[in-house]
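Scope of the values below: all heavy atoms of this structure, side chains included, with no hydrogens, waters or symmetry mates. Quantities reported herein were computed from a predicted structural model and do not represent experimental measurements.
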Amino acid sequence: MNKYRSHNCNDLRIKDVGKKVLLSGWINKKRDHGNILFIDLRDNYGITQCIIDKENPNFSLIEKMQLETVVSIDGKVVNRSKETINKEINTGEVEVSIENLKVLGKCKELPLPVFSDQEYAEEIRLKYRFLDLRRKKIHENIILRSEVISFIRNEMKRKGFLEFQTPILTSSSPEGARDFLVPSRLNPGKFYALPQAPQQFKQLIMVSGFDKYFQIAPCFRDEDARSDRSPGEFYQLDLEMSFVEQEDVFKVVEDLMVSTFMKFSNKKIMSKKFPRITYSESLLKYGSDKPDLRNPLLINDITKIFLRDDVSFEIFKKLVKNGSSVRCIVTKKTHNMPRSFFDNIDKWAKEQGASGLAYFTIEKEKNITAKGPVGKFFSEESLKEIMKITDAEIGDSIFLSCGNKKELENITSLARDKIARDLGLIDEDSFAFCWVVDYPMFEENSESKKIEFSHNPFSMPQGEIDKINFQKPLDILAYQYDIVCNGIELSSGAIRNHIPELMYKLFSIAGYSKEKVDQKFSGMINALSYGAPPHGGIAPGIDRIVMLLANEKNIREVTMFPMNQNAQDLMMNAPSEVNENQLKELGLSYKTKK
RNA sequence: GGGGGUGUAGCUCAGUUGGUUAGAGCGAUCGCCUGUCACGCGAUAGGUCGAGGGUUCGAGUCCCUUCACUCCCGCCA
């Protein structure tokens with residue numbers, strides 16, 4: 001027998017009564033009755049109650065023992081009387097009567113309690129992550145993460161994908177996020193970059209003829225953190241396929257997402273065939289390219305109403321004349337909502353930096369009228385027109401905002417979420433996936449007015465190659481797509497551009513000369529010149545998938561050893577200073593800030 | 001880089017209009033307790049009120065500066 005345990009802390013049942021057993025684990029909780037003492041012994045698998053009475057010479061030793069001490073306990077399994085059965089734990093019908101106990105790992109006074117559902121300051125949790133990870137909820141989250149990754153890996157293999165590793169030390173690329181750089185000792189003055197994603201490698205794998213590739217790939221981007229974005233590093237299910245069109249990629253990923261989410265969550269999936277929404281439609285109807293489709297509210301453009309002579313909402317009319325637009329959100333059957341509901345939303349909008357949200361409610365006695373502060377500005381005919389555009393009905397309310405396109409997208413997107421939450425319209429018990437498709441190839445930088453790649457420079461533009469109008473680059477769409485679930489961007493992908501001439505052409509529009517492309521993307525462009533298959537792929541974010549499945553709002557809750565917002569690891573003290581010799585070997589010196 | 005929130009005992013928090021000796025629960029220590037499972041009861045210890053400066057007879061509380069954590073904007077092909 002193993003010297004530490006014959007069973008784990010989740011094993012023992014009624015059938016084991018009478019057996020001599022050996023258990024090892026942490027003291028989760030003690031309940032000391034003076035002459036009798038209960039210990040909840042915990043390991044990865046569960047909890048077993050152990051009991052000792054004063055007759056036992058170990059009694060006073062155990063009485064003094066710190067919680068979270070690691071012990072091994074040997075004793076006899078006994079059944080519990082009916083009144084004392086604990087249905088909360090799997091082993092609750094039995095307990096272990098302690099005969100002997102050995103301390104395997106002492107524990108100092110705890111900086112944070114392990115046995116507690118309380119929330120703790122992030123700082124202390126991260127510093128003592130090994131204690132934090134013993135706590136039930138996060139321990140289960142991390143196990144879930146492991147199971148999700150195993151499941152995905154198996155599914156991918158089953159679908160005929162090959163798993164490969166790609167380099168961690170690679171070259172810096174000019175596009176995209178800020179790189180993490182690693183100085184090269186053997187090549188002084190030169191740097192590696194950690195990969196932001198294995199983008200070029202996975203395309204090279206396709207060129208190498210492997211047909212279908214995947215990897216649970218670490219990705220490194222030196223950008224500021226958000227609640228759903230770890231600073232530094234995160235993981236993607238990186239995948240790429242040869243001889244495919246967009247729909248082929250969709251099929252693989254839809255299957256995978258549906259099976260994964262069905263296996264690991266009881267929430268319902270709104271539509272197992274994910275709706276396809278074009279980028280431009282998404283910005284109009286949802287104000288965002290990551291729409292939360294659980295939210296039934298839609299945005300409509302009603303700018304033309306303000307060109308009518310029978311509408312006298314002069315502030316908006318003037319703005320519209322100067323090029324602004326008006327967009328609105330309809331809420332159904334809200335005519336009986338209290339005034340405070342509307343005013344709160346208006347007030348909230350002002351806090352968001354908008355000039356507020358005007359509103360009115362459509363009513364009908366003899367005629368159709370609009371009630372509310374700005375209702376008087378609308379004629380019956382104009383209201384009918386609004387109802388036609390927006391599908392609003394009598395008893396519905398309309399919130400409107402006026403501004404330029406960007407401002408409107410911003411405020412209506414936020415308002416759509418805010419109003420739906422106030423009205424309780426979001427079904428928290430569901431996953432609503434969709435594909436956002438037809439991204440533009442290029443966009444104009446709002447400051448420099450330069451044309452830039454809007455997403456991935458390696459994406460294939462849509463349309464017959466010889467018919468693409470390169471004179472109007474902003475009109476070129478790409479085979480570029482995102483998966484969104486509940487308003488969270490899970491991944492983006494594309495059918496790639498495997499034609500070098502076309503690649504040069506597109507890069508030249510974004511201001512890259514042929515020489516620059518050859519220099520910066522030499523591996524890629526060279527490879528594409530030696531018989532490259534048409535290919536495409538996608539890279540769903542593992543951390544965010546697990547976050548959705550674990551019903552967590554913060555990515556650190558599904559990350560074993562996360563860094564804090566300033567990209568520091570408080571447990572390992574990273575980043576840290578290095579000694580002079582290390583710098584010297586690398587040929588580096590640094591200037592202290594100010 | 002910018003904006004918001006938070007910072008009081010080991011942990012989670014309360015602390016009124018600026019007013020006597022800064023409190024509670026958990027944890028720790030000591031004692032009592034034979035069926036608990038958030039066991040119960042009693043006692044004790046534990047505080048640079050994030051730091052620095054200012055206003056004031058008097059500051060945890062007001063003002064300024066600064067630091068840490070966090071959320072958001074920018075950023076994230």
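- Using Watson-Crick or G-U wobble geometry with both donor-acceptor distances under 3.5 Å, B:G7 finds its partner in B:C67.
- Under the 3.5 Å distance criterion, with hydrogens and angles disregarded, a donor-acceptor pair is assigned to the side chains of A:Y504 and A:D518.
- Taking the six-membered ring for Trp and thresholds of 30 and 60 degrees, A:Y439 and A:Y279 have ring planes inclined between 30 and 60 degrees apart.
- Residue A:E109 has its side chain nearest to B:G10 when only B:G74, B:C69, B:G10 are considered.
- Taking the ring centre of A:Y512 as origin, the terminal cationic atom of A:K520 falls outside the region bounded by 6.0 Å and 45° from the ring axis.
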> Given the rule in the side-chain contact (heavy atoms from CB on, under 4.5 Å) test, do A:T559 and A:F234 qualify, once you have shown the distances and angles that lead to the verdict?
Replying inline: CA-CA 9 Å; A:T559 308; A:F234 61 97; over 6 Å; no
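- Between the C1' atoms of B:U17 and B:U61, the separation comes to 10 Å (whole Å).
- For the P atom pair drawn from B:G58 and B:G18, the interatomic distance equals 16 Å after rounding to whole Å.
- For the pair A:E443 CD and B:C76 P, the interatomic distance rounds to 9 Å; values are reported in whole Å.
- Look at A:N566 and you'll find a side-chain N or O under 4.0 angstrom from OP1 or OP2 of B:C69.
- A:P457 comes within 4.0 angstrom of a nucleotide base, judged by non-hydrogen atoms across all strands.
- Distance from the side chain of A:R80 is smallest for B:G35 among the nucleotides B:G35, B:C11, B:C75.
- When the nearest nucleotides of RNA chain B are assigned to A:Q199 and A:L110 by heavy-atom distance, the more 5′-ward of the two goes with A:L110.
- Within 4.0 Å of A:S454, counting heavy atoms only, lie sugar-phosphate atoms of the nucleic acid but no base atom.
- Using atom C1' as the reference point in both B:A14 and B:G47, the two lie 15 Å apart (nearest Å).
- Using a 4.0 Å cut-off, no side-chain N or O of A:R226 falls inside it from OP1 or OP2 of B:U70.
- Here B:C62 sits opposite B:G54 as a Watson-Crick or G-U wobble pair (both hydrogen-bonding atom distances under 3.5 Å).
- Looking at A:E95, its side chain comes within 3.5 Å of the base of B:G35 through a donor and an acceptor atom.
- Rounded to whole Å, atom P of B:U12 lies 12 Å from atom OH of A:Y128.
- Spacing between atom NZ of A:K108 and atom P of B:G27 amounts to 21 Å, rounded to whole angstrom units.
- Among the protein residues, A:N564 comes within range of the sugar-phosphate backbone only, with heavy atoms under 4.0 Å from sugar or phosphate atoms but none that close to a base.
- Comparing A:K64 and A:F38 by the nucleotide of RNA chain B whose heavy atom lies nearest to each, the residue mapping closer to the 5' end is A:K64.
- Residues from residues 504-517 of chain A placing a heavy atom under 4.0 Å of any atom in RNA chain B do not occur.
- Listed pair A:R135 / B:C11 fails the phosphate criterion, with no side-chain N or O lying under 4.0 Å from OP1 or OP2.
- Taking every side-chain heavy atom of A:F115 into account, B:A38 is the closest of B:C75, B:A38, B:C33.
- Across all strands, A:Q49 comes closer than 4.0 Å to base atoms (heavy-atom distances).
- Phosphate contact (OP1/OP2 of B:U36, side-chain N/O of A:R31, threshold under 4.0 Å): absent.
- Straight-line distance from the CD1 atom of A:I124 to the C1' atom of B:C13: 15 Å, rounded to whole Å.
- Distances shown here put every side-chain N or O of A:Q118 at or beyond 4.0 Å from the OP1 or OP2 atom of B:C11.
- Side-chain atoms of A:R229 and base atoms of B:C76 include a donor and an acceptor less than 3.5 Å apart.
- Residue A:D53 is classed as having no contact, given no heavy-atom separation below 4.0 Å to the nucleic acid.
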> What do the steps show when you test A:R544 against A:E489 for side-chain contact (heavy atoms from CB on, under 4.5 Å), and what is the final call?
Replying inline: CA-CA 8 Å; A:R544 286 182 183 173; A:E489 183 190 320; 4.0 Å; yes
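- Atom name C1', nucleotides B:C49 and B:G40: the rounded distance is 33 Å, in whole Å.
- A cation-pi arrangement is not found for A:K202 relative to A:Y213, the charged atom failing to lie both closer than 6.0 Å to the ring centre and inside a 45° cone about the ring normal.
- A salt bridge links A:D132 to A:R129: at least one charged side-chain nitrogen sits closer than 4.0 Å to a carboxylate oxygen.
- Regarding contacts with the backbone of B:A68, every side-chain N or O of A:Q568 stays at 4.0 angstrom or more from both OP1 and OP2.
- In this structure, B:C13 forms a base pair with B:G23, meeting either the Watson-Crick or the G-U wobble geometry with both donor-acceptor distances under 3.5 Å.
- As rounded to the nearest Å, B:C62 and B:A43 have P atoms that lie 35 Å from one another.
- Side chains of A:D438 and A:Q462: a donor-acceptor N/O pair is present below 3.5 angstrom, by distance only.
- Using a 4.0 Å heavy-atom criterion, one finds that A:R556 contacts the sugar-phosphate atoms exclusively.
- Annotation for A:K137: atom NZ counts as buried by contact number, over 12 foreign heavy atoms lying within 6.0 Å.
- If you check B:G47 for Watson-Crick or wobble pairing at under 3.5 angstrom, you find it has no partner at all.
- Of the candidates B:C37, B:U29, B:C72, the closest approach to any side-chain atom of A:Q66 belongs to B:U29.
- In this structure, the NZ atom of A:K54 is 9 Å from the C1' atom of B:C33, given to the nearest Å.
- A:H33 does not qualify as a stacking partner of the B:C33 base, lacking a centre-to-centre distance under 5.5 Å together with planes within 30°.
- At a cut-off of 3.5 Å, with distance as the only test, no side-chain donor of A:Q49 or A:N86 sits close to an acceptor on the other residue.
- Only the C1' atoms considered, B:A9 is 12 Å distant from B:C26, to the nearest whole Å.
- Counting only heavy atoms from C-beta on, A:I36 has its side chain closest to B:G35 among B:G35, B:C37, B:C75.
- Rounded to the nearest Å, the gap between the C1' atom of B:A22 and that of B:G60 is 8 Å.
- Spacing of C1' atoms, B:A45 relative to B:G3, comes out at 43 Å, to the nearest Å.
- At whole-Å resolution of the value, NZ in A:K29 and C1' in B:C39 are 9 Å apart.
- Atom CG in A:N554 sits roughly 10 Å away from atom C1' in B:C71 (whole-Å rounding).
- Note: CG (A:L126) to P (B:U70) measures 7 Å, nearest angstrom.
- The side chain of A:S227 contributes an N or O atom lying less than 4.0 Å from OP1 or OP2 of B:C72.
- For the residue pair A:Y286/A:D292, the side-chain donor-acceptor check at 3.5 Å is not satisfied.
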